[in-house]
Amino acid sequence: MIDIKALQNNFDEIANKLQKKKIDESLLQNLKELSLELKEKKAILETLQAEQNAKSKLFPVYQKEGKDIASLKAELNENKQKISIAQEIMREVEEKLSAIAMGVPNIPDESVPLGVDEEDNQELKKVLDIPTFDFEPKEHWDLDADQAWIDFERGVKLSKSRFSVLKNDGARLERALSNYMLDFNRSRGFEEVSVPFITNEESLKGTGQLPKFGDDLFKIEGENLYLIPTAEVPVTNLFRDEILTADELPIKLTAYTACFRKEAGSAGRDTRGMIRQHQFGKVELVSITTPEDSDKIFDEMVSCASDLLKSLGLAHKLVLLCGGDLGFSAAKTVDIEVWLPGQNRYREISSISNTRDFQARRAKIRYKEGKKNILVHTLNGSSLAVGRTLIAIMENYQKSDGTIEIPEVLKEYMR
RNA sequence: GGACAGGUGGGUGAGUUGGCUGAAACCACAUCCCUGCUAAGGAUGCGUAGGAGUAAUCCUACCGAGAGUUCGAAUCUCUCCCUGUCCGCCA
């Protein structure tokens, strides 16, 4: 959630910054007015409540002194009516306010470039040269005809389209990759956690997937529970409603989870192959930091993911997302795109975001600085999407005879 | 899933004939004093959120969540959630 108080005080500045995400200024104006109205209505209610409290305390006194209670009681009964009306009014304003506030995206950083879509993203750097082949490199689904690593048909039989089954060395490679990634991240100071793949509504509100993006989630029928779209949800929410101490920070965690997405807005896109599945494995990085440290940790996370790809010998580039391409909760995002020779293009394989205090405000994650409680910064990033890494290895390590070499660092994980 | 017992501040734990209890006491923690050495003693402070005020301070809400009864609820009623124990079931 954005800082409503800041919106009251620096309206123009915030409205201006949110232009990058194409947010209508009238919506913000509405939000500001509602917040001021709420303050006003709340003051009215609190005055009435104070009166009720004070006068209620007179009852035992009157009784002791033998005074008449009836008139006082009548007076307070009347006041009680006023209170319930004031309460109703306040609740209405509050609901309107929170409905809008929960739907306003995070404010982009100063450094985020202007732009409407991925065309306007800014390339930061390329890492490793793209490999050359003395034959025509195949796409992973063609390659797979020889390997039989991925069984698309039977994935569909078991579930539906956009599900697949891994077999043979494909299945083993997936597990090797997950293990390797976790070990790599641990060597960079990220502690491993294992979390539920199903979370409740509160958690999804905390990280920003709800209430706005419910269509992207698989909901469990009859329960207030959802399949997680990313480990970011359970791992960040580990600290929801908590007040941490300064010396606990930064908290740096890594977790492997399956991720589940409806891909509601992606009809027809990437229907072939394993690029866009309803279920995929991902190793995630999550950091909880002080505001001062969050830029530094962000860079560490980007390096971690980039170095991981480098260690696998996979050429990639780092891209700074423009305002229009930035996600709902992110103030700043760097995507990492890996080179896929078969497709002859770079494809997203990781996305690292600093949400600043946006999620922390929603999830009430704070830390103690002296006597004050300060919102932490939360950051998350993939390191990496396992399925896409598998594809990248297939396409980059393919031989002219259709076999696939295993990257050196993974060999010990494949024994 | 069934039966019973519970859910109070960082922890332990008082508080049921409803009313100076937002919450005793103890522990932990922080600062200071004393003392001096890996101990002891003393003083003070120590929940969250919002609002008013330069500030001291004051007001409101919160004792698992929500609703209700009442002039007034941590204390009574209802619903839900969670924890423990026993039973059932199960990797």
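Below, chain A is the first sequence line, B the second, and so on; all start at residue 1. From a predicted model like this one, the values you see are computed outputs, not experimental measurements.
Heavy atoms of I243(A) sit under 4.0 angstrom from primed sugar atoms or phosphate atoms, though from no base atom. Within 4.0 Å of K55(A), counting heavy atoms only, lies no atom of the nucleic acid at all. Here R361(A) lies out of heavy-atom contact (under 4.0 Å) with every strand. Looking at heavy-atom distances under 4.0 Å, K364(A) makes no contact with the nucleic acid at all. Backbone-only contact: Q52(A) has heavy atoms under 4.0 Å from sugar-phosphate atoms and none from a base. Using a 4.0 Å heavy-atom cutoff across all strands shown, A43(A) reaches no nucleic acid atom at all.
When rounded to the nearest whole Å, the span between CG of D247(A) and C1' of G10(B) equals 14 Å. Atom CG in N200(A) sits about 19 Å away from atom P in C80(B), given to the nearest Å. Between the P atom of C62(B) and the CD atom of E46(A) lies a distance of 11 Å, rounded to the nearest Å. The CD1-P distance, from I4(A) to A49(B), rounds to 17 Å in whole Å. L45(A) places its CG atom 11 Å from the P atom of C62(B), with the value rounded to the nearest Å. In this entry the distance linking CD of Q63(A) with P of G72(B) reads 14 Å, nearest Å. Between E40(A) atom CD and G50(B) atom P there is a gap of 20 Å when expressed in whole angstrom units. Atom C1' of nucleotide G10(B) and atom CG of D241(A) are separated by 16 Å, given to the nearest angstrom.
Rounded to whole Å, the separation between the P atoms of U75(B) and G9(B) comes to 14 Å. For the C1' atom pair drawn from A65(B) and C27(B), the interatomic distance equals 29 Å after rounding to whole Å. Comparing C29(B) with U54(B), their C1' atoms are spaced 32 Å from each other, to the whole Å. Between the C1' atoms of G45(B) and A28(B), the separation comes to 14 Å (whole Å). Distance check on atom C1': A25(B) versus U8(B) gives 14 Å, rounded to whole Å. Distance check on atom P: A3(B) versus C78(B) gives 16 Å, rounded to whole Å. Spacing between U38(B) and A43(B) at atom C1', rounded to whole Å, works out to 24 Å. With both ends at atom C1', the span from A39(B) to A56(B) equals 40 Å, rounded to whole Å.
In this structure, CD1 in I85(A) is found 11.5 Å from CG in L45(A), a value given to the nearest 0.5 Å.
Between the side chain of T254(A) and the backbone N or O of N185(A) there is no donor-acceptor pair closer than 3.5 Å.
Residue K80(A) has a polar side-chain atom (N or O) positioned under 4.0 Å from OP1 or OP2 of C71(B). OP1 and OP2 of G47(B) both lie 4.0 Å or more from every side-chain N or O belonging to K368(A). Note on R91(A): a side-chain N or O is less than 4.0 Å away from OP1 or OP2 of A67(B). Note on N53(A): a side-chain N or O is less than 4.0 Å away from OP1 or OP2 of U60(B). Using a 4.0 Å cut-off, no side-chain N or O of R366(A) falls inside it from OP1 or OP2 of U48(B). Between A49(B) and N373(A), a contact under 4.0 Å exists linking OP1 or OP2 to a side-chain N or O.
Under a cut-off of 6.0 angstrom, the local environment of CD in Q63(A) is crowded, with over 12 non-hydrogen atoms contributed by other residues, nucleotides or ligands.
Here A91(B) sits opposite no nucleotide as a Watson-Crick or G-U wobble pair (both hydrogen-bonding atom distances under 3.5 Å). Base pairing of G53(B) is not made with any nucleotide, judged by Watson-Crick or G-U wobble geometry with both donor-acceptor distances under 3.5 Å. As the counterpart of A74(B), no nucleotide is assigned, since no Watson-Crick or G-U wobble pattern has both distances under 3.5 Å. Pair assignment for U16(B): none, as no Watson-Crick or G-U wobble contacts are both less than 3.5 Å. The partner of A3(B) is U85(B), by the rule that a Watson-Crick or G-U pair needs both atom distances under 3.5 Å. Taking a pair to require two hydrogen-bonding distances under 3.5 Å in either a Watson-Crick or a G-U wobble arrangement, A65(B) pairs with U79(B). When Watson-Crick and G-U wobble pairs are counted only if both distances are under 3.5 Å, A43(B) pairs with U31(B).
Positionally, the nearest nucleotide of RNA chain B for L58(A) lies more toward the 5' end than for the other of L58(A) and E51(A). Comparing K57(A) and K5(A) by the nucleotide of RNA chain B that holds the closest heavy atom to each, the one mapping nearer the 5' end is K57(A).
Checking G51(B), C71(B), U60(B) against every side-chain atom of Q49(A), the shortest atom distance belongs to U60(B).
With no hydrogens or angles considered, no side-chain donor-acceptor pair links N200(A) and N224(A) at under 3.5 Å. Side-chain contact annotation: S56(A) with N53(A), donor-acceptor N/O pair under 3.5 Å absent.
F260(A) has its ring centre no less than 6.0 Å from the ring centre of Y226(A).
Between R356(A) and D3(A) there is no salt bridge, since no side-chain N of the basic residue sits under 4.0 Å from a carboxylate O of the acidic one.
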| Audit row: F163(A), F152(A), ring-ring contact (aromatic ring centres under 6.0 Å, His included) steps and yes/no | CA-CA 7 Å; F163(A) 283 90; F152(A) 293 104; over 10 Å; no
